[in-house]
Peer 1: 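One structure is given below, represented as structure tokens, and several questions about it will come after.
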Protein chains: 2
Amino acid sequence: MATDIRIALDAMGGDNGLAVVMPAASIALERRPDIRFLLYGDRKAIAPYLAADPRLAARAEVFHTDVAVKMTDKPSQALRAGRRVSSMWQAIEAVKTGKADCAISAGNTGALMAMAKFCLHTMAAIDRPAIAALWPTVRGESIVLDVGATIGGDEQHLVDLAVMGAAMARIVFDIDSPTVGLLNVGTEEIKGVEEVKAAGRLLREARLPNMTYRGFVEGDDLGQGVVDVFVTEGFTGNIALKTAEGTARQLGQYMRDAFGHSLMSRIGFLFARKAIAALRERMAPRAHGGVFLGLDGVVIKAHGGADAESYAGAVELGYDMVRQELLAKIREMIAHASDGRPAAASQAIDT
Amino acid sequence: MATDIRIALDAMGGDNGLAVVMPAASIALERRPDIRFLLYGDRKAIAPYLAADPRLAARAEVFHTDVAVKMTDKPSQALRAGRRVSSMWQAIEAVKTGKADCAISAGNTGALMAMAKFCLHTMAAIDRPAIAALWPTVRGESIVLDVGATIGGDEQHLVDLAVMGAAMARIVFDIDSPTVGLLNVGTEEIKGVEEVKAAGRLLREARLPNMTYRGFVEGDDLGQGVVDVFVTEGFTGNIALKTAEGTARQLGQYMRDAFGHSLMSRIGFLFARKAIAALRERMAPRAHGGVFLGLDGVVIKAHGGADAESYAGAVELGYDMVRQELLAKIREMIAHASDGRPAAASQAIDT
């Protein structure tokens, strides 16, 4: 039997703290019985949850702290006030010291990334980390990165994002060679910013194993899920993510208006209630938060407003990343990408 | 009485050509009887439309050409093959020579911008043009620019975009001092790319007349319409626009699925049909295309798939831009912005 997966939880993170984290741990444990939890938070507040759930209690160890990073803290403030002492820091540090295989937090994203970078550092050969989001599409889900860890970046950074996204996609979608597209303002080779064009050339010529590079994709391809992995730097990726979330919210408001309009449509609404509930669930902002990529350790950001079910999804995502060896996959693919470059150049001359 | 507004129509542009352009001209003329049309296209094909509509015939002059820019032409191809001879070029050239006050085309956006730049040039003090879109929001509409004319740009370019967008907003929304926001990845002063931060400082310090600078805004503020004018460079703007369009289409697909699911929801759908029709109309990709800004002439891009009503909307938008003197407003505001800079700097020292 495989070894247990040890997951460190920032039990104080998120809008709802323990009220979400503890039931989520319980749900995740039911589905993945080989998880062991390291819980970072207020021992007294955690105790009643464990008393009520002996199965979870048997698989959990509590590490007391009462210092929480606030959702409104700036990353620099969080680092200053929360380093070493906060639940967020300690969960990350458990990964650093090898006590845990992965850390999960629903807390402040900027603070979590700042602490994770500071504590874990980036992997060898990766200069800058990224946040990868699972984006709901009409086909299911795609991975979009970077949604806001790193602003700007050259072609090498974009190639690194492609490699890391593909490594994650192999695990999440259980496929050998995920399709990868570079987000651009048109699909022709001549369009876009220089870095994106240069990254496109590198990816086309390198023909890396375990990914199928599909060229440029556009903003309206995201919702259609035309590739498994959408690659862009963090400024554009963050604005695209928030624009999509905002549009979904906007259309939800339209929908409420539309159905509240007349007696007929209110009657229609009663009949269609279940369909609308299903629709609203699919329209909900992506529930699982994001995966931090490029760091020397696995860190998962759960959505700040996550409920127990979606926080459990984030725990399981972390579990899968560890079980399927995300970091080893990234390292191996990055090594290929580095090897590939000179070979690819001579290949280009041949053709 | 004011002089007529002379509008040059690329009668061959768009997915549906004359079948949309001619009824649209008729609709616009009904609402703005002081338009005169210059129609660039195939005289024989136009003739039956004019024969059937004497009122329009009395206000229209036909300039024959049978060369059309294709929707699939690259801008460089279009310029090579369509310069001087195509309906698109000739409509723009009519603005250049002073025969028309404004040009409208539903044709290929890249070709239209390339020809407009080549023929009209940019205004003095503006280096690079922009395309401004009308973005539907829960409050009505906002202006978003640049949605794809110019890739990248320094802080001065972003300030120019703010000024041009504000000038357009004064006309479209009929307000003295439109609110302006810079699209960024967070609302704090310290976040984002250098150009955006620097543009924020310039706009805050300059306190330009006829605009109210509101600071940074994020992707999810677009659909909420938190400002009248959203400013970003063309790469991010284009991806945001297409992401929103794609999300709306995606949710439309979800909605069809949701309502097709069970007998109950199909019955619900019948009752709610009108509400859903109203909703789908609000979700439709923005109908009016965009306004080209920064050129020495008014050019309006109608949506390629526009119907007669939405093409007529583009004609009326062009009419309003001319009647309310868009170019004069931009020139005056740009002059203020240039004057303002040293004064603003000394002001900053005072405080």
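Chain identifiers are assigned alphabetically (A, B, ...) following the order of the sequence lines, protein sequences preceding nucleic acid strands; residue numbering begins at 1 within each chain. All of these numbers come straight from a predicted model, not from anything done at the bench. Just the heavy atoms: all of them, side chains too, but no hydrogens, waters or symmetry mates, feed the values below.
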Peer 1: Once you round to the nearest 0.5 Å, how far does CD of A/Q250 lie from CH2 of B/W135?
Peer 2: 8.5 Å
Peer 1: Rounded to the nearest 0.5 Å, what's the gap from CZ on B/R249 to OG1 on A/T247? Could you check?
Peer 2: 12.5 Å
Peer 1: Is there side-chain contact between B/L183 and A/I239, with heavy atoms separated by less than 4.5 Å?
Peer 2: yes
Peer 1: Which heavy atom of A/T243 sits nearest a heavy atom of B/A240, and at what distance?
Peer 2: CG2-O, 3.5 Å
Peer 1: Among B/I267, B/I151, B/V138, which residue has the highest count of heavy-atom pairs closer than 4.5 Å to chain A?
Peer 2: B/V138
Peer 1: Rounded to the nearest 0.5 Å, how far apart are CZ of A/R139 and CD of B/Q253?
Peer 2: 10.0 Å
Peer 1: Just verifying a value: how many Å separate A/K242 NZ and B/L222 CG, rounded to the nearest 0.5 Å?
Peer 2: 11.5 Å
Peer 1: Looking at A/N238 and B/E218, what are the two nearest heavy atoms and their distance?
Peer 2: OD1-OE1, 4.4 Å
Peer 1: Nearest heavy-atom pair of B/Y254 and A/T137: which atoms, and what distance?
Peer 2: OH-O, 3.3 Å
Peer 1: Checking A/D221 against chain B: side chain, backbone, both or neither under 4.5 Å from a heavy atom?
Peer 2: neither
